[in-house]
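The structure appears below as structure tokens.
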Amino acid sequence: MDKNQYLTVAALTKYIKRKFDADPNLDNIYLKGEISNFKRHSSGHMYLTLKDEKSRINAVMFAQSARGLAFDPENGMKVLLRGEVRVYEPTGGYQMYIKEMMPDGIGELFIAYEQLKKKLEQEGLFDIRHKQPIPAFPARIGVITSPTGAAIRDIITTLKRRYPIGEVLIFPALVQGQQAAPSIVNAIETANQHPIDVLIVGRGGGSIEELWAFNEEPVARAIFNSQIPVISAVGHETDTTISDFVADLRAPTPTGAAEMAAPKVSDIAERIKMMEAKISRYTTQRIESEKKRLVSIEKSYAFKYPHLLYQQKMEQLDRVTERIARNSTLYFERKGDKLEHLAKMIERHNPLSTISKKSADIIQLQGRMTRAEAAIIRRKQQAYLNRVSLLKAVSPLKIMEKGFGLVYNEQDELIKTRDSVKAGDRLTVVIQDGKLDCTVNEIRESDSND
């Protein structure tokens, strides 16, 4: 067979790809299965394997399509997919390119709700320690909701009826649709720029899709970051949103939020009357008690017999004065004795007497030292004279006085034996009163008769 009839791998793959591309049945495929090997790339593209009990197929969902998902796909999640099947030429494998994805058997929004709730709860946004107290008597109440809905009418009606002294500020916002979340966030941030005591955020009832803006992360974080205490009032009592968990207080309905935000004026008036009655009773009781105390004081011994009390106190004063004088005398006597004792101790240890005694000792020691020095000098002088006499006795000069002399050669070496010279050598003879320059004429051995 001619080798030109053999196809290349690229050619075969391209042929198969064209078959797939030309098949209209593969342009819009609906699949269901379980996600495995899920990976979200930094580019935003998602790669996964869709499997069932018998088979599996690789799939990819590009970032443009993935941005529309309201939930995060996970391994093990059962999903419904819509897309197209194509051949990926570099590997020769076929895979599905996903255009839409939704959970199988459970709503997409519910999954997104649960995922966000879990995330924010782990971050601590629901923690009770972050909740701000709602002021008991707010001067200004802010309301964020649709300006045309039933919720705003219920809130305003309730506040005017219960708490007409409070000022209500409306911050209009979209509460439904794709632009609702940014609108609510902007309204919360705007409200925080005003001196408001409490903020009501919410809307009337509706489906989960209609209430969804209050389940979005930006709204939850805006409520959490609000410096004004927030009351969440979304839907009916059975409706629960992420905003309810993040808010400082959750109201079952918008009307309930108005009741929680402000007290009822009639209730306040009733409480004031009760407090007035309580204060009146307390004041009356206190006055009666003080009256009885005053009567008791008026009947006391001091008021009945003040002169006797005065005399008694004068006598006590005399006794105290005598005791003070006696104690003062004893005190000064003790201090005088102590002072005298201290003076004697100071006298015994007076440094002047010590200095005088030590000065006498120094003079005595100086005399002893002078005498010792003189004695030592005399001994040293006598020892010196003795040594001088001894040196004189053995001095060559002393010997020379008896007629002896010292003989040196021309190198100033002392001649001790005849072998040190020879005939004709010039010698120097040192005698007592000078030197003799001599020449050796003859060398003779010593004669025993000489």
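Owing to the predicted nature of the structure, the values given are computational and were not obtained by experimental measurement.
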*Assign the ring pair Y113 / F245 to parallel, tilted or perpendicular, where the plane angle (0 to 90°) is split at 30° and 60°.*
tilted
*If you count the non-hydrogen atoms of other residues, nucleotides and ligands that lie under 6.0 Å from NZ in K131, is the total more than 12?*
yes
*Got P254 and R203 here, is their nearest side-chain heavy-atom distance under 4.5 Å?*
no
*Is there a side-chain contact between R86 and Y97, using heavy atoms and a 4.5 Å cut-off?*
yes
*Hey, are D244 and S232 close enough side-chain-wise for a donor-acceptor pair under 3.5 Å?*
yes
*Does the distance from a Lys or Arg side-chain N to an Asp or Glu carboxylate O, for R40 and D72, drop under 4.0 Å?*
yes
*Main-chain N/O of P182 paired to N186 side chain as donor or acceptor, under 3.5 Å*: no
*For I231 and A257, which heavy atoms make the closest approach, and how far apart are they?*
CG2-CB, 3.8 Å
*Does a salt bridge link E121 with K119, judged by any charged N lying under 4.0 Å from a carboxylate O?*
no
*Taking C-beta and beyond as the side chain, do M260 and L249 meet within less than 4.5 Å on heavy atoms?*
yes
_Closest heavy-atom pair and its distance - D21, D27_ = O-OD1, 4.3 Å
*asked:* Is any side-chain heavy atom of F126 closer than 4.5 Å to one of L120?
replied: yes
*asked:* Restricting to non-hydrogen atoms, name the atom on R271 and the atom on F137 that form the minimum distance, rounded to 0.1 Å.
replied: NH1-CZ, 4.4 Å
_Between Y331 and E333, a side-chain donor and acceptor under 3.5 Å_ = no
*Under 3.5 Å, side chain of D197 to main-chain N/O of A139, donor-acceptor pair present?*
yes
*Counting only N and O atoms by type, is there a donor-acceptor contact under 3.5 Å from the side chain of S243 to the main-chain atoms of F214?*
yes
*Any donor-acceptor pair under 3.5 Å from S146 side chain to L174 backbone*: no
*Give a yes or no answer on whether the side chain of T284 reaches the backbone of S280 with a donor-acceptor pair at less than 3.5 Å.*
yes
*Locate the shortest heavy-atom distance separating T49 from R56; write the atom from each residue and the value.*
CG2-CB, 3.8 Å
*Could you tell me which non-hydrogen atom of M101 sits nearest to which non-hydrogen atom of I98, and how far apart they are?*
CE-CD1, 4.0 Å
*R162 and A262: which non-hydrogen atoms are nearest, and at how many Å?*
NH2-O, 3.2 Å
*Sub-4.5 Å side-chain heavy-atom contact between E84 and K99*: yes
*Within 6.0 angstrom of Y88 OH, more than 12 heavy atoms from elsewhere*: no
*Please tell me if the side chains of L81 and M96 come closer than 4.5 Å, counting only heavy atoms from C-beta onward.*
yes
_More than 12 heavy atoms of other groups within 6.0 Å of Q316 CD_ = yes
*Is there a donor-acceptor pair closer than 3.5 Å between any side-chain N or O of N192 and the backbone N or O of Q227?*
yes
_Heavy atoms from other residues, nucleotides or ligands near CD of Q411 exceed 12 (cutoff 6.0 Å)_ = yes
*Does a salt bridge link R293 with E290, judged by any charged N lying under 4.0 Å from a carboxylate O?*
yes
_Is there a side-chain contact between D23 and K19 in this structure, where contact means two heavy atoms from C-beta onward sitting under 4.5 Å apart?_
no
*Looking at side-chain heavy atoms only, is the closest gap between K264 and Y163 below 4.5 Å?*
no
_With a 4.0 Å cut-off on N to O distance, would you call R221 and E123 a salt bridge?_
yes
*For the pair S183 (side chain) and Q179 (backbone), establish whether a donor and an acceptor sit closer than 3.5 Å, ignoring hydrogens and angles.*
no
